[in-house]
Amino acid sequence: MTTNVTESAASAAAREAIATISTGIFIDGAWGEAASGARFDVVNPATEEVIATVADGGPEDARRAIETAGRVQKEWAKTSPRERSEILRRAYELIMARQDQLALVMTAEMGKPLAEAKGEVAYAAEFFRWFSEEAVRIGGDLTTTGDGKNRILVSREPVGPCVLVTPWNFPLAMGTRKIGPAIAAGCTMVFKPANLTPLSSLALVDILVEAGLPAGVLNVVCTTKASDVVSPWMSSGIARKVSFTGSTAVGVRLLEQASQHVMRSSMELGGNAPFIVFEDADLDRAVEGAVAAKMRNMGEACTAANRLFVQRSVADEFARRLAARLGALTVGDGVEPGTDVGPLVEEKALRKVQELVDDAVAKGATVVCGGSRPEGAGYFYSPTVLADVSADADLMTEEIFGPVAPVVPFDTEEEVVRIANDTPWGLVGYLFTQDVDRGFRVGDALEVGMVGLNTGIVSNPAAPFGGVKASGLGREGGRVGIEEFLEYKYMAVPRV
């Protein structure tokens with residue numbers, strides 16, 4: 001009885017939090033309806049119920065947004081670094097003050113368990129705190145030419161209006177990771193959140209307004225037809241940069257569009273992360289690392305461990321321990337106490353995961369645990385461990401984006417490095433070993449932008465996040481994160 005009361009109270013609190021969010025188009029500091037008057041539904045993936053409707057923007061809304069960003073850019077660029085810094089610091093404090101409320105919204109629209117949602121809120125807020133400190137550290141340089149005749153004066157300037165496009169899987173953090181450095185650098189923005197999870201992003205808008213962000217600096221258009229909004233931004237000739245997180249296929253199209261106006265581009269795209277366990281690894285630590293790398297966000301993350309390569313002598317034991325660990329997790333609505341694993345984001349994602357598991361089993365894989373969806377409403381899938389997965393199984397070359405861990409045995413270090421790198425993607429790799437030399441040697445050999453050595457978590461606002469090959473270009477976070485939003489200007493000054 002107590003559990004039911006708690007669940008009811010949590011659901012009611014989520015509804016109350018959602019009711020406070022503005023759900024229109026946000027342009028030039030004002031909320032309004034889409035020019036077409038259209039709206040779309042936001043669905044709770046745990047219950048399949050509509051929890052809100054949001055203005056469905058189109059080309060006319062996109063045009064107004066980018067024109068506003070272009071008009072405001074010059075004045076916004078003149079603001080002092082300290083002013084921009086303090087806006088971000090106030091926004092950080094407001095997010096943390098509303099952590100519980102924002103987490104409820106995130107769980108309702110996206111599905112992740114409430115504890116994990118609270119963790120994302122704190123992670124998201126930290127990008128604002130980090131870039132509030134970076135805003136006042138934008139530097140330059142003064143040197144002299146080799147012949148001594150000129151001074152070389154180098155300054156940094158904002159790149160200009162930015163197009164920001166974020167995914168649904170980390171609906172608050174992906175926004176702050178892009179908006180934070182743009183504000184710090186002095187760039188205006190047009191922002192399209194994912195239509196599956198727009199509420200967290202829309203809640204962020206009001207927080208930034210309350211923190212003192214001037215009208216027109218951030219303009220937000222949600223839409224169910226991304227090309228109707230993003231394409232006008234890319235072809236406008238006003239936008240000078242695009243920052244996108246999402247699939248490689250969409251990223252390639254955006255890069256093609258960006259080339260028409262030679263726009264600066266940051267792309268954080270798909271992943272196919274190898275998770276390597278050597279026979280000398282601490283298996284308990286490796287299992288916990290696999291749980292973190294695989295199960296964060298129900299496996300719906302570009303950094304998720306996609307291919308688990310385990311040295312043959314310990315492969316069966318590792319699979320057994322991992323299955324015991326994942327099989328003990330509680331699947332359910334993220335607002336319910338004790339939930340470890342929430343639903344996938346939509347029915348289409350659920351179907352894809354089941355198809356990948358069925359394909360692997362048809363090609364010889366053994367289901368150690370899971371392998372199916374539970375009965376009842378919601379887009380849930382049981383945490384799954386597959387052993388003896390064939391190299392030609394589809395999930396070895398496609399992002400799983402679900403709670404499925406395929407375990408593949410290997411024999412030698414050379415072999416595993418070769419197969420780990422045999423992919424067009426290169427975002428992150430994980431490896432577990434107690435041999436320090438091997439750790440650095442294999443870490444250096446992996447063709448990825450990030451490596452987790454004896455850890456299943458690599459994301460941190462203080463670190464440069466990004467990949468190589470088809471996983472993207474540019475970096476977000478860390479000291480280099482703000483560089484993506486700044487241009488160099490060199491002035492030659494004769495010495496007289």
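The model shown is predicted, which means the values in this text are computed figures rather than measured ones.
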Using a strict 4.0 Å threshold on nitrogen-to-oxygen distance, state whether [X] and [Y] make a salt bridge.
{"X": "Asp28", "Y": "Arg64", "answer": "no"}
{"X": "Lys363", "Y": "Asp359", "answer": "yes"}
{"X": "Lys112", "Y": "Glu300", "answer": "no"}
{"X": "Arg129", "Y": "Glu126", "answer": "yes"}
{"X": "Glu268", "Y": "Arg177", "answer": "yes"}
{"X": "Arg320", "Y": "Glu317", "answer": "yes"}

Short side-chain donor-acceptor distance under 3.5 Å, [Y] and [X]:
{"X": "Lys241", "Y": "Ser266", "result": "yes"}
{"X": "Thr303", "Y": "Arg296", "result": "no"}
{"X": "Arg89", "Y": "Ser132", "result": "no"}
{"X": "Asp358", "Y": "Gln354", "result": "yes"}
{"X": "Glu346", "Y": "Tyr379", "result": "no"}
{"X": "Trp425", "Y": "Asn306", "result": "no"}
{"X": "Asn169", "Y": "Asn297", "result": "no"}
{"X": "Ser36", "Y": "Asp56", "result": "no"}

Taken in chain and number order and not counting sequence neighbours, the residues that satisfy side chain to side chain contact (heavy atoms under 4.5 Å, CB included) with Arg325 are Val287, Glu288, Val291, Leu329
Compute the ring centroids of Trp130 and Tyr123, then answer whether they are less than 6.0 Å apart. no
Please report whether the ring centroid of Phe191 lies less than 6.0 Å from that of Phe26. no
Determine whether a donor-acceptor pair (N or O, by modelled atom type, separation under 3.5 Å) exists between the side chain of [X] and the backbone of [Y].
{"X": "Arg307", "Y": "Ile419", "result": "yes"}
{"X": "Asp61", "Y": "Ala35", "result": "yes"}
{"X": "Ser382", "Y": "Gly370", "result": "no"}
{"X": "Thr223", "Y": "Lys225", "result": "yes"}
{"X": "Thr248", "Y": "Ala470", "result": "yes"}
{"X": "Glu476", "Y": "Gly481", "result": "no"}
{"X": "Ser471", "Y": "Leu427", "result": "yes"}
{"X": "Thr188", "Y": "Val217", "result": "no"}

Quick one: pull up CD in Glu48 and CD in Glu347 and give me the separation to the nearest 0.5 Å. 7.0 Å
Output, in order, the C-alpha distance, side-chain angles, deciding distance and verdict of ring-ring contact (aromatic ring centres under 6.0 Å, His included) for Phe275 and Phe432. CA-CA 8 Å; Phe275 186 99; Phe432 283 74; 5.0 Å; yes
Using the ring of each side chain (for Trp, its six-membered ring), is Trp168 parallel, tilted or perpendicular to Phe401, with breaks at 30° and 60°? perpendicular
I would like to know whether Glu49 and Arg15 meet salt bridge (charged side-chain N to carboxylate O under 4.0 Å, His left out); could you show each step before the answer? CA-CA 12 Å; Glu49 297 173 345; Arg15 287 194 298 271; over 6 Å; no
Could you go step by step and tell me if Leu218 and Leu213 meet the side-chain contact (heavy atoms from CB on, under 4.5 Å) rule? CA-CA 8 Å; Leu218 175 65; Leu213 191 69; 3.7 Å; yes
Taking atom NZ of Lys469 as the centre, report whether more than 12 heavy atoms of other residues, nucleotides or ligands fall under 6.0 Å from it. yes
